[in-house]
Amino acid sequence: MTPNSQKPTLKMEYLPVLQELQKIKRPIEARELSRKLHLGYEKLMSGAIYSLQEQKLAKFTEREEVLLHLTEEGKEYVKKGLPERQIFALFQEKGYKEIKVSEFAKSVEMELGFNKKLFFIGLSHMKKNKWVVTSKATGEETIFVYNEDAPKSSLEEILQIYGDNQVIPLSSISKPLQEYLPQLLKRKLITREKVTIRMVELTPEGYMIKPNEINLIEEEIQMISSDMIKSGEWKESINKLKKYDVEIEGPKIYAGKYHPMTIIKNQVREVFHSMGFQEIQGPIIELAFYNFDSLYQPQDHPAREMHDTFYLKHPKTGKLPKKSYVETIRSIHENGGDTGSTGWRYKWSSEIAKKLLLRTHTTATTLRYLAKVGLEKPQLPIKVFCIDRVFRNEKVDRTHLAELQQIDGIIIGENVTLSDLIGQITEFYKRMGFKKVITRPGFFPYTEPSMEVSVYSEELGAWLEMGGSGIFRPEVTYAWGIKHPVRVLAWGLGLERLAMLKLKRDDIRDLYQSKISWLREVSY
Ligand code: PHE
């Protein structure tokens with residue numbers, strides 16, 4: 001080992017930086033140092049300071065700081081005093097004890113050049129500071145001295161801190177005085193800027209070291225080339241080699257990735273595909289006919305109201321399917337048609353069914369599919385699912401969104417039963433990672449029997465409701481030729497609840513307005 005190898009190594013051009021820091025003898029703000037040395041900030045930090053730090057001759061600390069800059073107007077008042085101070089000084093100079101506001105405004109304009117607006121700003125602060133009071137007791141509004149001494153106001157105390165500087169850090173102002181900063185900001189006398197302050201300082205070794213104790217090099221060799229090895233040049237250059245610390249952690253790299261919601265949606269798709277289902281899609285802008293009427297939802301059902309459903313303004317209505325189908329739905333609602341039901345027994349209106357709306361559930365889409373295939377008389381069983389956006393007129397908060405996503409599915413098959421339905425739903429959640437699933441009796445206008453579906457969250461130690469399910473009533477399926485012994489099992493589950501459990505979020509909005517810091521770290 002050559003004796004040189006124990007000496008710290010430094011590029012020649014960085015020596016003045018070390019020497020300057022030795023001269024300064026105290027921590028210095030990096031930008032100030034860069035100004036002093038006439039050296040670019042980036043170059044200073046990533047070159048000289050970085051090398052000095054590597055050689056343990058210097059260190060730097062970082063902190064966030066808020067800087068308060070004086071505006072042009074602010075600078076003027078630091079010199080001459082705030083308008084209220086200037087006006088008060090004039091007031092005393094003239095030896096007034098009281099004077100009419102209008103009269104005084106004129107003399108302020110003449111003597112100080114303040115316009116009306118500035119005069120009144122000044123006056124209001126003189127009053128706030130309790131230097132003067134105004135009264136209309138004598139008829140016209142008059143100013144009276146209240147405190148001859150006119151003690152320094154908090155705003156003045158802040159401006160005083162500036163001294164000859166145009167910028168000061170927030171931390172140089174005491175906490176109680178900071179309360180008054182909004183006033184100065186509002187008066188546009190100062191502006192705020194958030195910056196990262198880097199303080200550079202030499203280590204004890206850095207302060208002590210002399211140039212002859214440093215292995216000064218012209219240029220650093222970043223990498224040994226094959227030529228250098230062949231020629232043996234590497235041996236002579238060994239002291240010029242850039243030193244590496246193999247233990248230092250590399251910078252974090254955040255690779256591009258899918259949003260967790262996309263991943264969960266794809267997982268849902270994969271699970272259904274693995275269970276033999278095919279994905280279907282349908283329109284977001286839907287006819288009330290498919291969203292409600294075909295699902296045997298009476299036309300006075302509360303869910304149809306404007307406060308639950310978004311209706312379209314332009315165009316207000318859409319085209320209903322063939323008249324015979326519309327008539328079938330009408331008779332089912334009015335008297336049950338050929339379903340064996342008595343119907344809802346009211347006058348059904350095709351005008352209401354024609355309305356266009358934003359789909360409130362993806363059951364509208366499974367129903368559209370059911371209507372299509374029912375008429376085609378296909379091979380059974382059929383298993384399809386739909387995972388897509390739905391809309392409800394809800395006030396957005398930590399548990400509600402106006403735009404959400406649902407997972408609907410149907411199984412059309414001969415003699416399929418409620419047990420099949422429970423089995424399929426349970427299997428779906430199992431494959432999604434939820435071991436315990438429970439179904440309880442529920443109610444939907446379109447299913448009989450109906451069940452609510454809940455899963456158990458080990459984390460929360462609670463059952464959470466996920467959605468609804470059931471067997472479509474004859475009032476729903478007969479219209480499309482689907483009759484006993486063929487039955488339709490159906491469900492509609494929320495995607496967000498499931499995603500919140502998987503992603504451990506307790507605010508539903510996080511899923512869609514996700515913080516970038518969370519997205520970077522989330523292991524999904
Ligand atoms: N559409 C119902 C909802 O939005 C869920 C559901 C779908 C219930 C299918 C039964 C059958 O909550």
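Since we're looking at a predicted model, the values are computed, not measured. Order of listing sets the numbers, starting from 1, for every ligand and every atom in it.
Tyr512 and Glu496 share a side-chain donor-acceptor pair at under 3.5 Å. Remark: the Ser454 side chain and the Arg440 side chain contain an N/O donor-acceptor pair separated by less than 3.5 Å.
Taking the centre and axis of the six-membered ring of Tyr41, the NZ or CZ atom of Arg31 falls inside the cone set by 45° and 6.0 Å.
Ring centroid separation for the pair Tyr296 and Tyr446 does not come in under the 6.0 Å cut-off. Ring-centre distance between Trp491 and Phe428: not below the 6.0 Å cut-off. Taking the six-membered ring wherever Trp is involved, the centroid distance between the rings of Phe292 and His301 does not fall below 6.0 Å.
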Report all N/O contacts between ligand 1 and the protein shorter than 3.5 Å as a table of atom names and distances to 0.1 Å; if there are none, say 'none'.
unit_1   : atom_1 : unit_2 : atom_2 : d
ligand 1 : 1 (N)  : His361 : ND1    : 3.0
ligand 1 : 1 (N)  : Thr363 : OG1    : 2.8
ligand 1 : 1 (N)  : Tyr446 : OH     : 2.9
ligand 1 : 4 (O)  : Arg392 : NH2    : 3.0
ligand 1 : 4 (O)  : Gln406 : NE2    : 3.0

